[in-house]
Amino acid sequence: MNYLIKLCDRLGILHSEIDYHVLRASMVLIFLFFGYQKWFEYEAEALIPYISNGPLIAWMYPVFGISGACWFLGVSEWTFGALLFIGFWNKTAGVLGALGGIASFVSTTTIIPFMPGGWAASAGGFPAMTEKVAFLMKDFVLLAVSLYLLKQDLLRLSLQYRETSPSAATSTEMPTAEDTLRRVV
């Protein structure tokens, strides 16, 4: 284990923000592809059992109809992805994209308890999930990534604010990721 730690340290991985940037880029790609799917009839049909049983998103069918709800989701996902992409340079946009991701994945994870046929009766029901629930389980990880990006962007914004604020000289500084890492290693 020490060898691995020393190797990563020598390569600069432990002192870089590569994890932050890779997660942001991954979320941009995910929202790009998720949003793209929403423009096709096959996706609108596939989403009917999910949207119909989502306690936070079922309102979309009466308001927009089946295709309109799907398009609304597509536009939303592209918007969140674009904000996350802009967040590479503008942390305020990153915050907005992360908040959109959080809203999106909270909406989808809340479908799980309400999904008809979501638990395999032949295996005794809960916790044996069917593909419908398994499909939604990925959203817990995507929710966690969105929360991580929100935290990181808010932290970076607060540090920018402290550096440019007239009272920055009197405020106590927050430890950086490198300071924390030095204490751990």
Side-chain angles (χ1 to χ4, degrees), residues 19-158:
D19 54 337
Y20 168 69
H21 295 301
V22 167
L23 286 174
R24 178 176 298 284
S26 299
M27 291 300 288
V28 169
L29 285 173
I30 285 170
F31 278 124
L32 175 71
F33 286 111
F34 281 8
Y36 176 76
Q37 281 182 265
K38 303 302 188 286
W39 297 100
F40 299 98
E41 189 62 31
Y42 81 92
E43 182 70 3
E45 295 297 322
L47 290 179
I48 290 173
Y50 297 97
I51 295 174
S52 297
N53 293 293
L56 301 178
I57 58 176
W59 61 269
M60 289 194 293
Y61 282 158
V63 173
F64 300 119
I66 291 174
S67 292
C70 207
W71 296 337
F72 176 82
L73 291 174
V75 169
S76 298
E77 290 167 346
W78 278 353
T79 302
F80 304 150
L83 288 166
L84 288 171
F85 181 72
I86 296 167
F88 277 111
W89 303 277
N90 181 314
K91 297 308 169 200
T92 302
V95 166
L96 295 173
L99 286 170
I102 290 167
S104 176
F105 300 120
V106 164
S107 295
T108 55
T109 56
T110 58
I111 298 169
I112 292 172
F114 303 100
M115 178 58 71
W119 307 104
S122 62
F126 179 83
M129 59 187 150
T130 64
E131 72 283 346
K132 290 178 181 177
V133 169
F135 170 75
L136 293 171
M137 293 301 282
K138 71 180 178 336
D139 292 354
F140 282 110
V141 174
L142 298 174
L143 175 60
V145 171
S146 296
L147 288 165
Y148 172 80
L149 291 175
L150 175 65
K151 176 189 170 206
Q152 294 302 314
D153 287 346
L154 286 172
L155 177 63
R156 283 160 175 76
L157 281 172
S158 72

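Hydrogens, waters and symmetry mates play no part in the numbers below; they use all other heavy atoms, side chains included.
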Between atom [atom1] of [X] and atom [atom2] of [Y], what is the distance when rounded to the nearest 0.5 Å?
| X | Y | atom1 | atom2 | answer |
| --- | --- | --- | --- | --- |
| I102 | S107 | CD1 | OG | 11.5 Å |
| L157 | K91 | CG | NZ | 8.5 Å |
| L136 | L142 | CG | CG | 11.0 Å |
| S67 | E43 | OG | CD | 11.5 Å |
| F135 | M129 | CZ | CE | 13.5 Å |
| S146 | L99 | OG | CG | 9.5 Å |

Taking only residues two or more places apart in sequence, or in another chain, which ones meet V75 in a side chain to side chain contact (heavy atoms under 4.5 Å, CB included)?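 Listed in chain order: W39, T79.
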
With sequence neighbours excluded, residues passing side chain to side chain contact (heavy atoms under 4.5 Å, CB included) with Y148: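 Residues passing side chain to side chain contact (heavy atoms under 4.5 Å, CB included) with Y148: D19, Y20, L23, Q152.
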
Is the number of heavy atoms from other residues, nucleotides or ligands within 6.0 Å of [atom1] ([X]) greater than 12?
| X | atom1 | answer |
| --- | --- | --- |
| F33 | CZ | no |
| K151 | NZ | no |
| F34 | CZ | yes |

Got a sec, which residues hit ring pair (Phe, Tyr, Trp, His ring centres under 6.0 Å) with F80, two or more places apart in sequence or on another chain?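 So F80 forms a ring pair (Phe, Tyr, Trp, His ring centres under 6.0 Å) with F31.
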
Might you point out which heavy atoms bring [X] and [Y] nearest each other, and give the distance in Å?
| X | Y | result |
| --- | --- | --- |
| W59 | P62 | O-CD, 3.1 Å |
| P116 | N53 | CD-ND2, 3.3 Å |
| T109 | V106 | OG1-O, 3.2 Å |
| F114 | T110 | CD1-O, 3.1 Å |

Among W78, F64, Y61, exactly one meets ring-ring contact (aromatic ring centres under 6.0 Å, His included) together with F72. Which residue is that?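 For F72, the ring-ring contact (aromatic ring centres under 6.0 Å, His included) check succeeds only for F64.
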
As a test of understanding, state which of D139, V145, L147 forms a side chain to side chain contact (heavy atoms under 4.5 Å, CB included) with L143.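 Among D139, V145, L147, the one that satisfies the side chain to side chain contact (heavy atoms under 4.5 Å, CB included) with L143 is L147.
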
Report yes if some heavy atom in the side chain of [X] is under 4.5 Å from a heavy atom in the side chain of [Y]; otherwise report no.
| X | Y | answer |
| --- | --- | --- |
| L73 | L47 | yes |
| L29 | F85 | no |
| D153 | R24 | yes |
| I111 | K132 | no |
| V22 | S26 | yes |

Quick one: does [X]'s side chain have a donor or acceptor within less than 3.5 Å of a partner on [Y]'s backbone?
| X | Y | value |
| --- | --- | --- |
| N90 | I86 | no |
| S52 | P49 | no |
| T130 | A120 | no |

Please confirm whether K38 makes a cation-pi placement over Y36, using NZ or CZ under 6.0 Å from the six-membered ring centre and within 45° of the ring normal.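 K38 over Y36 ring: no.
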
Please verify the inter-ring angle class for F126 with W119; under 30° counts as parallel, over 60° as perpendicular, anything in between as tilted.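 Rings of F126 and W119: perpendicular, as their planes differ by over 60°.
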
